[in-house]
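Shown below is the structure under consideration.
Every chain is numbered from 1, with letters handed out A, B, ... down the list of sequences.
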2 protein chains.
Amino acid sequence: MQGWLEIKAEVSRRINVREWPPGSLLPAETALANEFGCARATVNRALRELAEAGLLVRRRRAGTVVAEHPVRKASFDIPVIRLEVEQAGRRYAHRVLHRLHETPPASVRTLFGLVATARAIKLDTLHLADDMPYAWETRWINTKAVPDARQQDFEAVSANEWLVRNAPFSGGRYTVGARLAGAELSAALNCGSGEPLVVVERNTVDLDGLGITQVQLVYAPGHLLRGGI
Amino acid sequence: MQGWLEIKAEVSRRINVREWPPGSLLPAETALANEFGCARATVNRALRELAEAGLLVRRRRAGTVVAEHPVRKASFDIPVIRLEVEQAGRRYAHRVLHRLHETPPASVRTLFGLVATARAIKLDTLHLADDMPYAWETRWINTKAVPDARQQDFEAVSANEWLVRNAPFSGGRYTVGARLAGAELSAALNCGSGEPLVVVERNTVDLDGLGITQVQLVYAPGHLLRGGI
DNA sequence: GCTCACTATATGTATAGACATATAACTTAT
DNA sequence: ATAAGTTATATGTCTATACATATAGTGAGC
């Protein structure tokens, strides 16, 4: 027993077999380092990772406690759509259907820090995989945060990809929901009206918290988001 | 400039302002440690975290490179449903509608490592928030992996919560999709038939890779999964 | 009993040094 | 020229030590 990975596995095992049940206090790092015959830093690395994973709760002076209700962090990757499609072995293409410069709705104005009369770029894009509709994208781009976007038509490189590479990015939030295909969507995605569709809405902000872009992605029927714990 | 957090922020900044553009090679850890006036271990911690976040790609001997297509890791928490509801300031309750012991479908049998004739527990549960339908849960539990589940009726403590605390858990996968409310669901969730609903399907496996449980959660109309990047 | 200051303690972080390991780049043999 | 073996190097990890920091617990003073 030496490496932090082995220690992490062993601590994880003891939690799972209820040797250290939920709510119980673990021995201090120094004691564990002593038991495992390694430096405290090694134990620290193992316990820190388990705490990040939600299995342990650590507090100075109070020590390390097994979480009562382990909050599992599920995660999925948000790749550039082109890569998502190509990784599935399909041919990617996209078509920009509208590129407008108009006043965004209030929620987007708030995110972008814009006054009521200000305008932003609005893009409607259809993403294709093997020439079949893959996803419908409605996007707002804040020209205040990304002035260079004015010169882009996003035909050759999609807005998705262009922004990832050209906008200083710091974080964002997203929601996942479901909606019905209306007239416009069923035509664009080549599906029946009234079909249930997965909708992902995502916004990203720069280092100052200023909104860069807001995207709504409506996937073709049957699409599943996949992730792991 | 000393702490790993500051170094992480500074490196992140240089990537964002294209001082280190996508694909470029960063100075070696020793050089950065020298520049920032700190130990190599401190730089290592900062760069390791940025690599985990998908911003950098690191390889021994080859060095550290800025990712060409940063794969953002989106994540959301999977809490116990009771806590999810209570955290929103609502009163939680659940009703077990069916508790059967029958042969699961092939996909679940494969996950559970069961022969064709074997049986497992099937639970249908309705989760309520302020007495309003919140989510419909269809769950299979592998009694081979969790024998103690036989003695549980899951009335007082939901299966969700009981399993989190009583089943040795190691990982899992999930999918998020959309479906229409059929007759049974629209009755249970008190919504119109044909409404679009968010469906989360999740399975968890124990340390040996043996399936513990498979859940399908269908949320009431309008529900959004929320997460961050 | 209550408040406030103090102290002890467990985690958090930093450091210098060392060795491990993967692998790009180079060298040698065929 | 190509293949095989060698070396140099950047990251990965571990150690021992030190100091920083949050905070549970203690005790003094009212």
Exercise for the section: Just compare D:dT11, D:dC14, C:dA14 and give me whichever is closest to any side-chain atom of B:Thr42. Expected result: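 Comparing D:dT11, D:dC14, C:dA14 against the side chain of B:Thr42, the answer is C:dA14.
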Exercise for the section: Could you tell me the separation between the CG atom of B:Leu56 and the C1' atom of D:dG12, rounded to a whole number of Å? Expected result: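 So the two atoms are 16 Å apart, to the nearest Å.
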Handout entry: Pair A:Tyr92-A:Glu84, side-chain donor/acceptor within less than 3.5 Å
Key =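 Per modelled atom types, A:Tyr92 and A:Glu84 side chains form no pair under 3.5 Å.
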Practice task
Select base, sugar-phosphate, or nothing to describe what A:Thr30 touches, counting heavy atoms under 4.0 Å on all strands.
Solution key: nothing
Practice task
Round to a whole Å and report the spacing from NZ of A:Lys8 to P of D:dT13.
Solution key: 11 Å
Handout entry: CD1 on A:Ile7 to CD on A:Glu49, rounded to 0.5 Å
Key =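 Interatomic distance, A:Glu49 CD to A:Ile7 CD1, rounded to 0.5 Å: 12.0 Å.
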Exercise for the section: Provide, to the nearest angstrom, the distance between the CG atom belonging to A:Asn44 and the P atom belonging to D:dA20. Expected result: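 Taking CG of A:Asn44 and P of D:dA20, I get 18 Å after rounding.
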Handout entry: Candidate nucleotides C:dA16, D:dG12, D:dA16, ranked by approach to the side chain of B:Arg58 - the nearest
Key =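 Of the options given, the side chain of B:Arg58 lies nearest D:dG12.
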Problem - Upstream residue (5' side of DNA chain D) when A:Arg40 and B:Ala41 are each assigned their closest nucleotide - result: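 On the 5' side of the pair lies B:Ala41.
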Handout entry: Spacing of B:Leu32 atom CG relative to D:dA10 atom P, expressed in whole Å
Key =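 Distance, rounded to whole Å: 12 Å.
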Handout entry: Nearest to side-chain heavy atoms of A:Trp4, which nucleotide of D:dC14, D:dT15, D:dT11
Key =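 Taking heavy atoms from C-beta onward, the closest nucleotide is D:dC14.
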Exercise for the section: For D:dA8, take OP1 and OP2 only and decide whether either is under 4.0 Å from a side-chain N or O of B:Arg61. Expected result: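 No, B:Arg61 has no side-chain N/O under 4.0 Å of OP1/OP2 on D:dA8.
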Problem - Residue B:Arg60, side-chain heavy atoms: nucleotide from D:dC14, C:dA24, D:dA10 that is nearest - result: D:dA10
Handout entry: Centroid-centroid under 6.0 Å between A:Trp162 and A:Phe154 rings
Key = yes
Handout entry: Side chain of B:Arg59 (C-beta onward), nearest among D:dT11, C:dT11, C:dA24
Key = C:dA24
Handout entry: Phosphate-side-chain proximity, B:Thr64 and D:dA10, N/O vs OP1/OP2 below 4.0 Å
Key =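 The answer is no; no side-chain N or O of B:Thr64 sits under 4.0 Å from OP1 or OP2.
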Practice task
Whole angstrom is fine here: how far is it from CZ in B:Phe36 over to C1' in C:dA16?
Solution key: 19 Å
Fill in the blank from the handout: Rounded to the nearest 0.5 Å, the OG1 atom of A:Thr64 sits from the CG atom of A:Asn44 at a distance of 9.0 Å
Exercise for the section: Would you confirm whether A:Asn142, through its side chain, and A:Gly211, through its main-chain N or O, come within 3.5 Å as a donor-acceptor pair? Expected result: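 Yes, because the side chain of A:Asn142 sits within donor-acceptor range (under 3.5 Å) of the backbone of A:Gly211.
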Exercise for the section: Measure from CG on B:Asn34 to C1' on C:dA16 and round the result to the nearest Å. Expected result: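 Rounded to whole Å, this separation is 14 Å.
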Exercise for the section: Take the protein atom CZ of B:Arg48 and the nucleotide atom C1' of D:dT13, then report the distance between them rounded to whole Å. Expected result: 9 Å
Practice task
Scan B:Arg45 against the nucleic acid and name what it touches under 4.0 Å (heavy atoms): base, sugar-phosphate only, or nothing.
Solution key: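 It contacts sugar-phosphate atoms only.
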Problem - Rounded interatomic separation in angstrom, taking CG from B:Leu5 and C1' from C:dA14 - result: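 So the two atoms are 13 Å apart, to the nearest Å.
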Practice task
Under 4.0 Å between any heavy atoms, over every strand shown, what does B:Ala28 touch: base, sugar-phosphate, or nothing? Just pick one.
Solution key: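 Sugar-phosphate, no base atom in range.
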